[in-house]
Every structure is written in structure tokens, then in C-alpha cells.
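Each chain gets a letter, A, B and so on, in the order the sequences are listed, and its residues count up from 1.
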2 protein chains.
Amino acid sequence: MPRSDNRLPLILDAAARLFREKGYAATSMRDIAAAVDMLPGSLYYHFTAKEDLLVAVYEEGVRLITEKVRAAVARHAEPWTRLEAAAVAHLEALLKTGDYALVVIRVLPQDVPKAAARLVKLRDGYDRLFSELVAELPLPPETDRQSLRLLLLGALNWSQHWFRENGRNSPRSIARSFLKLLREAQKP
Amino acid sequence: MPRSDNRLPLILDAAARLFREKGYAATSMRDIAAAVDMLPGSLYYHFTAKEDLLVAVYEEGVRLITEKVRAAVARHAEPWTRLEAAAVAHLEALLKTGDYALVVIRVLPQDVPKAAARLVKLRDGYDRLFSELVAELPLPPETDRQSLRLLLLGALNWSQHWFRENGRNSPRSIARSFLKLLREAQKP
DNA sequence: CTATAAAGCAAACAGTCGTTTGTTCTTCTT
DNA sequence: AAGAAGAACAAACGACTGTTTGCTTTATAG
């Protein structure tokens, strides 16, 4: 049975922050240990390898985004509104919730060969959520739904590279203007 | 004056390939040296530091994409057609030309603190090209041109993560279907 | 209050990292 | 043919890497 002073959550937080800031390879176990005021070797009481630490962060990241998006979608009924709610939630999870979610889209599975399969599986599970939302949309039969999904999700994920919070810009406003651009294409 | 057996181009090729495959931090100078059958220290005759090697690859990558896109755009006059040509050229440069171009969008400036400023400058120069193309478009006055650019360019850049060449999919067909989705939104 | 298991310390392991230095080979110029 | 400069070798530097081992502290269950 775990103790109440268990610092595993702190380790995960620090790892998520550092993996997001510097990437997986450039973050050392000593960096993470120092961030939680521990000795490097002590981390191995909680994780048997650096990759497992990444997988743990990844799992939590996917869990957080999925949860937020599911909750947001559930509040609406109209297909386009549901997709917009999902886009907003996705972007807010990425740009506001912070470290865990960003690690998921910033650290590439191929950078961690031994854990790649597990990471891809986690990502794919999440992708299916958006596939379902796009499938609901009332679209002209010639519209390519897969392209629509990839266009939206790609643009949302890429926003990490240029987004800076300020008065005019917010994750919500960006997601909305993206959706507006896509939505009007499919009206009669 | 350089000698005719100068192997600097080979070094750049190998570095580009490895940086693309494994990322900057996970690629060692020894990896690169081994790929061109050299000793690690010999690389320092051509580059004073690992970061400079990355910057050199980056410069070549930006040069290649810019060249391809400029040439493609110049072949057309109608604004939407010009943007489509740019999107196709951009995606082909990324997914077909290969290593150099992909390094530019795969290696983040923030992962190389000492060279970050130089890398960002190179990227921004390229971005302006797309800004100009979007500015040419005949759009309803309420359309957000910046969002349109970010939506398109983000989706194109993200495609590196899911694209696999096959009979039905090609860089050209993807760029075209993305543009079709955007274009129809802006028609009367 | 004591036994038990959780959590972390302390110190080291073998290997890898980017880089430097002095020397040697090889192409090119004249 | 001889000298100069280009290019790479050979070997090492100290710092840093992920990880292991044995021992100690500390909270909690009985």
C-alpha cells in the first residue's frame, strides 16, 4: 500500500514539464531528479527505465485530453457544434492544461524506439474520437471526410509552434476561426 | 581553395538523414562520423560545433523548399491556383525531397538554444512567402486571412506524422484535397 | 509499540557525449 | 618537382549518460 507522502505525482509533473521544454532525449534522469530534489537513482524505485517514465506521462496526457474533449462534446447535439466544441477543448488542453498534453504531440514515438508501439497505440485511440465526430457531419457526398479530419487536427496540433497567449488570441478563438473556415465550405 | 575530394556535402547529407530520423539531441557526432566513415574529431575541421552543423542543414532545407515553391508559384497567375501550387510544392518538398526539408519542420529551434535565433529567422523568411500568397486571394472581407494561412500550413506540416506513400495517397493529392476544402468555403 | 514495507540515500558502474590537440597524409598550385 | 594548404587521423580530455547495488530512514498497519 502506498504511503501518503508518495512523491510519484511530483516526479511525473517534473518529467512532463521537462520533456515538453527540452524534448525526451535532451532531458536527463538527473534533470528530473533535481527538479523534485531527489537523487537520480531514487527515480528507479518508481520507474524501471526512462522510457517507462515517458509512457506514464504520455498515458496521463492522453487521458487528460480525452476526458476534456469527451466532456465538451457531450454538452452539444448538433454535429458541427460538437466538432467545434471538440476542437476548442483539444486546443485548450494543449495550450492551457499544459505539460502532459503537449508531451503527447511533441515527443515522437520514433524517438523512443522501445516504447514506440505503446505510444502509437495511445495516440490512435484518441484519433478515433475525432473520426467519429467527423462521421456525424452532414456533408455533401463528394466531401473527403478523412482529409477534413486531418486538415483540422493537423492545424490544431501545429499551433503549439506559433501560439502565444495575448488579448486577441486564445485557444478558443483560434479553434473557432479554424472551424469557421471549414464549416462554410460545406453549406448549401 | 577547397579540394575536389571535399566530403563536406556527404557530411551534410548524413547529418540531415540522422537528424530527421532520430532528432537532434539523439544524434551524436559519432553517429554522423560513422555514417561517412570518418573519425568524430574530423568533423570539426568543417564545423566548429554540432549546432553549426544543424544550422547548415537547416539553411539548405529552407533553400530547397523556398526554391521549389517559388518555381511552382511562378507557373500560375490565378491566386487560388498559385496557392494550390505552393501547397503541392511544399508538401512534395517535405515528403519526397526528403531529409533536409524535413529537418526544418521536425527539429524545433528551442531544442538547440544556442542556435535558436538563427533557426527561427530562417523559418520566418519562408513563412512570409505564404503570407503573400494568401494576401493575393480574393476573399470576402470578413475572412481571417491569418487563420487561413495557419490552418493550411499547419495541416501541411503535420502531415509528416501520418503520411505513408501508397497508390491512393500522394503529396500532391493531399495538398489538393486540403485546398479544395478551404477554397469552397470562400466562394459566393 | 513494534514489525513491515514503502521510499529514498549514497555511491558507484560502464559507457557515451561534444570537443581539442598534435600529427600525418594528400591534393593542388606554381 | 617542391612547397603550401586542405583534409583527415589518432588519441585523449573531462563531463555527463542511464542504471544498479546495498544500506538507511520513515510512515503506517497490527
Side-chain angles (χ1 to χ4, degrees), chain A residues 1-19 21-58 103 107-116 118-119, chain B residues 1-19 21-58 103 107-116 118-119:
Chain A
M1 182 171 305
R3 259 157 58 168
S4 62
D5 63 345
N6 192 316
R7 290 163 66 197
L8 191 146
L10 294 182
I11 297 175
L12 279 175
D13 284 352
R17 203 193 76 235
L18 289 166
F19 286 155
E21 283 175 5
K22 326 206 304 173
Y24 175 75
T27 300
S28 73
M29 293 300 266
R30 281 169 177 81
D31 289 337
I32 299 170
V36 293
D37 223 21
M38 250 185 206
L39 293 184
S42 305
L43 298 175
Y44 288 81
Y45 175 75
H46 300 278
F47 301 94
T48 66
K50 191 187 175 188
E51 317 143 18
D52 292 326
L53 185 39
L54 175 67
V55 172
V57 170
Y58 231 83
V103 168
V107 175
L108 308 181
Q110 70 208 41
D111 290 349
V112 198
K114 294 178 192 167
R118 280 182 288 174
L119 304 186
Chain B
M1 186 174 300
R3 261 158 55 173
S4 61
D5 64 342
N6 193 314
R7 296 207 273 156
L8 192 147
L10 294 183
I11 298 175
L12 279 176
D13 284 352
R17 201 193 78 235
L18 289 166
F19 286 156
E21 283 175 4
K22 326 203 308 174
Y24 175 76
T27 300
S28 72
M29 292 300 266
R30 282 168 178 83
D31 290 338
I32 299 170
V36 293
D37 223 19
M38 250 186 208
L39 293 184
S42 305
L43 298 175
Y44 288 82
Y45 176 76
H46 299 279
F47 301 94
T48 65
K50 191 187 175 188
E51 317 142 18
D52 292 325
L53 185 39
L54 175 68
V55 172
V57 171
Y58 230 83
V103 168
V107 175
L108 308 183
Q110 71 208 40
D111 289 350
V112 198
K114 292 178 193 168
R118 281 181 288 174
L119 304 186

Considering only side-chain heavy atoms of [X], which listed nucleotide, [options], is closest?
X: A:Tyr44; options: D:dG18, D:dA8, C:dC28; result: D:dG18
X: A:Ser28; options: D:dT17, D:dT28, D:dA7; result: D:dT17
X: B:Ser42; options: C:dT19, D:dC9, D:dG6; result: D:dC9
X: A:Lys50; options: C:dG18, D:dG18, D:dG6; result: D:dG18
X: A:Ser4; options: C:dT26, D:dT28, D:dT17; result: D:dT28

With a cut-off of less than 4.0 Å, is there a side-chain N or O of [X] near OP1 or OP2 of [N]?
X: B:Tyr45; N: D:dA8; value: no
X: A:Asn6; N: C:dA6; value: no
X: B:His46; N: D:dA8; value: yes

Inset, instruction - Inspect the contact between B:Asp52 and B:Arg118 and indicate whether a charged nitrogen and a carboxylate oxygen are less than 4.0 angstrom apart. - result: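 Yes.
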Inset, instruction - Of all the heavy-atom pairs spanning B:Val103 and B:Ala16, show the shortest one and how long it is. - result: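 It is CG2-O, 3.4 Å.
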How many Å lie between [atom1] on [X] and [atom2] on [N], as a whole number?
X: A:Arg7; N: D:dT25; atom1: CZ; atom2: P; answer: 17 Å
X: A:Leu8; N: C:dA6; atom1: CG; atom2: P; answer: 14 Å
X: B:Leu10; N: D:dA7; atom1: CG; atom2: P; answer: 13 Å
X: B:Met29; N: D:dA12; atom1: CE; atom2: P; answer: 21 Å
X: B:Leu54; N: C:dG18; atom1: CG; atom2: C1'; answer: 15 Å
X: A:Asp52; N: D:dG18; atom1: CG; atom2: P; answer: 14 Å

Inset, instruction - Record whether the side chain of A:Arg3 comes under 3.5 Å of the base of C:dA6 through a donor-acceptor pair of N or O atoms. - result: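 Answer yes: a donor N or O sits under 3.5 Å from an acceptor.
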Look only at the side chain of [X] and the backbone of [Y], and say whether a donor-acceptor pair between them is shorter than 3.5 Å.
X: B:Tyr24; Y: A:Ala26; answer: no
X: B:Asp13; Y: B:Leu10; answer: no
X: A:Tyr58; Y: A:Val107; answer: yes

Inset, instruction - Between B:Pro2 and B:Lys114, name the one whose nearest nucleotide on DNA chain C is closer to the 5' end. - result: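 Nearest nucleotide further toward 5': that of B:Lys114.
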Inset, instruction - Please round to the nearest 0.5 Å and tell me the distance separating atom CG of B:Asp37 and atom OG of B:Ser42. - result: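 Between B:Asp37 CG and B:Ser42 OG, I get 11.0 Å after rounding to 0.5 Å.
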Legend entry - Within residues 30-41 of chain A: residues closer than 4.0 Å to DNA chain D (heavy atoms):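 Here the set is A:Arg30, A:Gly41.
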Inset, instruction - Could you check if a side-chain atom of A:His46 sits within less than 4.5 angstrom of a side-chain atom of A:Leu12, using non-hydrogen atoms only? - result: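 Of all side-chain heavy-atom pairs linking A:Leu12 with A:His46, none is under 4.5 Å.
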